[in-house]
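Numbers restart at 1 for each chain; the letters A, B, ... are given by sequence-line order, proteins then strands. For the numbers below, each heavy atom of this structure counts, side chains included, while hydrogens, waters and symmetry mates do not.
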Amino acid sequence: MEKRVRVRFAPSPTGGLHLGGVRTVLYNYLYARANGGDFVLRIEDTDQTRFVKGAEEYILDCLKWCGLMPDESPVVGGPYAPYRQSERKEMYREYAMQLVGQGHAYYAFDTTEELEEMRRVLKTDEHSSVQYDHNTRKRMRNSLTLSADEVNDLLNNGTPYVIRIKVPENETIICNDMIRGNVMFDSNLVDDKVLLKADGMPTYHLAVVVDDYLMKITHAFRGEEWLPSAPVHLLLWQYLGWIADMPQWAHLPLILKPDGNGKLSKRDGDRLGFPVFAMNWYDPAKDETTMGFREMGFMPQAFVNMLAMLGWNSGEEKEIYSLEELVEKFSIERVHKGGAKFDFEKAKWFNNQYIQLTDNETLADLVMPYIAEHGHNPSRELLVKVIALVKDRCTLLPDFWAQGSFFFTTPETIDETLIRDAKWNENKELFFAAWMDKLNELADWTDVAIEQSAIELLPAFTLKKGDIMLPLRIMLVGGKFGPGVYHIAELIGKAETMARIKRVIG
RNA sequence: GGCGUGUUGGUCAAUCGGUUAAGACGCCUCCCUUUCACGGAGGAAUGACGGGUUCGACUCCCGUACAUGCUACCA
């Protein structure tokens, strides 16, 4: 019988949730949903020095915003609780001891200074980095070089120690990856990674294997930066006797910075002016907030869609997919091997597309906060009408204010130079004065009727339709932008229209 | 330095040996619009480089270059 598909997202609560992190969540989520499986969230908080308070809640909030909620997590629990590694501390020791007993791991008593000394002494021009491996372990203080009595003494004295994996010599370790195929490693080049730290906490390597086994994870999708440590994990699965249950791996390509080289970092966002985190992240240590996609005015559906297409492609020309469609179309085999540079312009395009696709009523709910932010509280009816008029020129949610503020309030400043540029003359001034009287009498206040009244009056001043449109626009909106002028006049109403004209011609 | 991974236009990318090498973003030109957009029509790649294999290669193999990741008692 086929095993039930179970995937997990296992972040460390150390800061904001990065674009790449959300994409990893997405691919996991899509795979679980497509296969009727479970998606679990496990918090990997084994490094107490990097733990940041609030980060776990923040991650959950991001997943919620994106609509990618886990089936099992520290907050909703599940059959394999606890889901926080710090709360599973004792389990790891048990397995580490098992490995020591089997001779697949050993105690190492080397201090930080001794390790540094070893690396310094052994470092050569050829090898700028020296690792603790099958070779160097022979000259260090560990249970492989010390006698059993010495080891027992050290242990009894409470000497700090770590447990390291004993990587075998002269073996080829083959790791199968769902998107890269077989990747081979020479065991002589793999180092004896620490499994259990001196503080009793496991390192990632031990914890990820133990938990994936205990939580019955069938597929493990993680960032490409983990590929080099895959052989250690494979060895652990083997030594612990669980190789038949080892999940299938897929190492996802990195998301790179748009310019230059390297993977995308928070700094790039600050530098280039775009967000890197899903939502605003407040760093309590530095007392500073980093802008998120949500606060910048992205719709979660657009954000998720954009991420899905960064490193994966269905093979069709279509680019706009709902989450349901993604579940149906997504396949891990079509995920790219190479990293992709992040393009903020394209990200904005996705949002623009979603704005056009979203009905005006729904949009009204999303846009309202941005209008309220400027101290206005328009009726829903008005807001919906405004949205209908300006949505095709809005890319991010705050654009609705920038593109439509003049519907809610008289423009603060009128750029009179723009009117002069529009060949302002006495003739036009006289026209507007006369038109005001006509408008005042106009019973049918619709864009068509307003325009008609202007057209009827124009010949008397030897003016053409186009002569007055720009001046009128500037009087009404304050600048050279916005929907059709007569539509604007209709929406803001007779009194306001006349007031704005009067304000300019006096 | 070592090891791993990767390399189709500025960017995201299709193509699973035979096509005029799709499409999208961005850019440029024009049309529409006497605003700004939307929309429409166009423009821009000798597929990192060099060798093979093959009747035929962007597609397979090798090498080189470049990029990127790891090389912590961090994940």
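Distances shorter than 4.0 Å separate none of the side-chain N or O atoms of Arg473(A) from OP1 or OP2 on U33(B). Distances shorter than 4.0 Å separate none of the side-chain N or O atoms of Lys346(A) from OP1 or OP2 on A13(B). Contact check, Lys197(A) against A75(B): a side-chain N or O comes under 4.0 Å of OP1 or OP2. The phosphate of C73(B) has neither OP1 nor OP2 within less than 4.0 Å of any side-chain N or O from Thr112(A). For Arg164(A), a side-chain nitrogen or oxygen approaches OP1 or OP2 of C73(B) to under 4.0 Å.
For the segment residues 316-323 of chain A, the set of residues with a heavy atom within less than 4.0 Å of an atom of RNA chain B comprises Glu317(A), Glu319(A), in numerical order. Contacts between residues 226-239 of chain A and RNA chain B, counted as heavy-atom distances below 4.0 Å, involve Trp226(A), Leu227(A), Pro228(A).
Arg180(A) places its CZ atom 13 Å from the C1' atom of C70(B), with the value rounded to the nearest Å. When the P atom of C3(B) is taken as reference, atom CD1 of Ile173(A) falls 15 Å away, rounded to whole Å. In this entry the distance linking CG of Leu189(A) with P of G4(B) reads 7 Å, nearest Å. Here U5(B) presents its P atom at 17 Å from CG of Leu252(A), a figure rounded to the nearest Å. For the pair Asn351(A) CG and A24(B) P, the computed distance is 20 Å after rounding to whole Å. In this structure, CD of Glu171(A) is placed 19 Å from P of C3(B), rounded to the nearest angstrom. Note: CD1 (Ile488(A)) to C1' (U35(B)) measures 9 Å, nearest angstrom. Atom-to-atom, CD1 of Ile387(A) to C1' of A37(B) comes out at 17 Å; the value is rounded to the nearest Å.
In this structure, of A75(B), C12(B), C73(B), it is C12(B) that holds the atom nearest to the side chain of Ala340(A). With distances taken from any side-chain atom of Asp392(A) to the nucleotides U5(B), C38(B), C12(B), the minimum falls on C38(B).
With ring centers used as reference points, Phe406(A) lies under 6.0 Å from Phe481(A). In this structure, the ring of Tyr27(A) has its center no less than 6.0 angstrom from the ring center of Phe221(A). Residues Phe277(A) and Phe293(A) keep their aromatic ring centres 6.0 Å or farther apart.
Rounded to whole Å, the C1' atom of C49(B) lies 14 Å from the corresponding atom of A67(B). Distance check on atom P: G4(B) versus U64(B) gives 13 Å, rounded to whole Å. Nucleotides C3(B) and G10(B) place their P atoms 32 Å apart, quoted to the nearest Å. When the P atom is compared between C25(B) and A72(B), the two are found 45 Å apart, to the nearest whole Å. Comparing C66(B) with A24(B), their C1' atoms sit 27 Å apart, to the nearest whole Å. To the nearest whole angstrom, the two C1' atoms, one in U46(B) and one in C62(B), are 24 Å apart. Separating the C1' atom of U59(B) from that of A48(B) is a span of 16 Å, rounded to the nearest Å. Remark: the separation of the C1' atoms in U54(B) and C61(B) is 12 Å, to the nearest Å.
Between Asp192(A) and Tyr106(A), the side chains place a donor N or O and an acceptor N or O closer than 3.5 Å (distance only, hydrogens not considered). No hydrogens or angles considered: nothing links the side chains of Gln301(A) and Tyr321(A) as a donor-acceptor pair under 3.5 Å. In summary, the side chains of Asn157(A) and Thr159(A) do not present any donor paired with an acceptor at a separation below 3.5 Å, with no hydrogens or angles considered. No side-chain donor-acceptor contact under 3.5 Å links Thr136(A) and Gln131(A). Using a 3.5 Å distance cut-off with no hydrogens or angles, the side chains of Tyr92(A) and Asp211(A) do pair a donor with an acceptor.
Against the 90° criterion about 0, the sugar-base torsion of C30(B) places it in the anti range.
Remark: C38(B) base-pairs with no nucleotide; criterion is Watson-Crick or G-U wobble with both hydrogen-bond distances under 3.5 Å. Within the shown strands, G63(B) is the pairing partner of C49(B) under the Watson-Crick or G-U definition, both distances less than 3.5 Å. Pair assignment for U54(B): none, as no Watson-Crick or G-U wobble contacts are both less than 3.5 Å. Figure legend. G69(B) is base-paired to C3(B); pairs are counted as Watson-Crick or G-U wobble with both atom distances under 3.5 Å. Pairing for C12(B) goes to G23(B), judged as Watson-Crick or G-U wobble with the two contacts each under 3.5 Å.
For CD of Glu412(A), the number of neighbouring non-hydrogen atoms (other residues, nucleotides, ligands) closer than 6.0 Å is 12 at most.
The aromatic rings of Trp249(A) and His251(A) stand perpendicular to each other, their planes meeting at an angle above 60°, with 30° marking the opposite boundary.
Counting all heavy atoms, side chain and backbone alike, Asp45(A) lies closest to Pro13(A) at CB-CG, 3.8 Å.
Of the two residues contacting RNA chain B, namely Ile179(A) and Gln353(A), the nearest-nucleotide position lying further toward the 5' end is that of Ile179(A).
A side-chain hydrogen bond (donor to acceptor under 3.5 Å, both in side chains) with Asn188(A) is found for exactly one of Asn170(A), Asn135(A), Asp133(A), namely Asn170(A).
In this model, no side-chain donor or acceptor of Lys193(A) finds a partner on the base of A72(B) within 3.5 Å.
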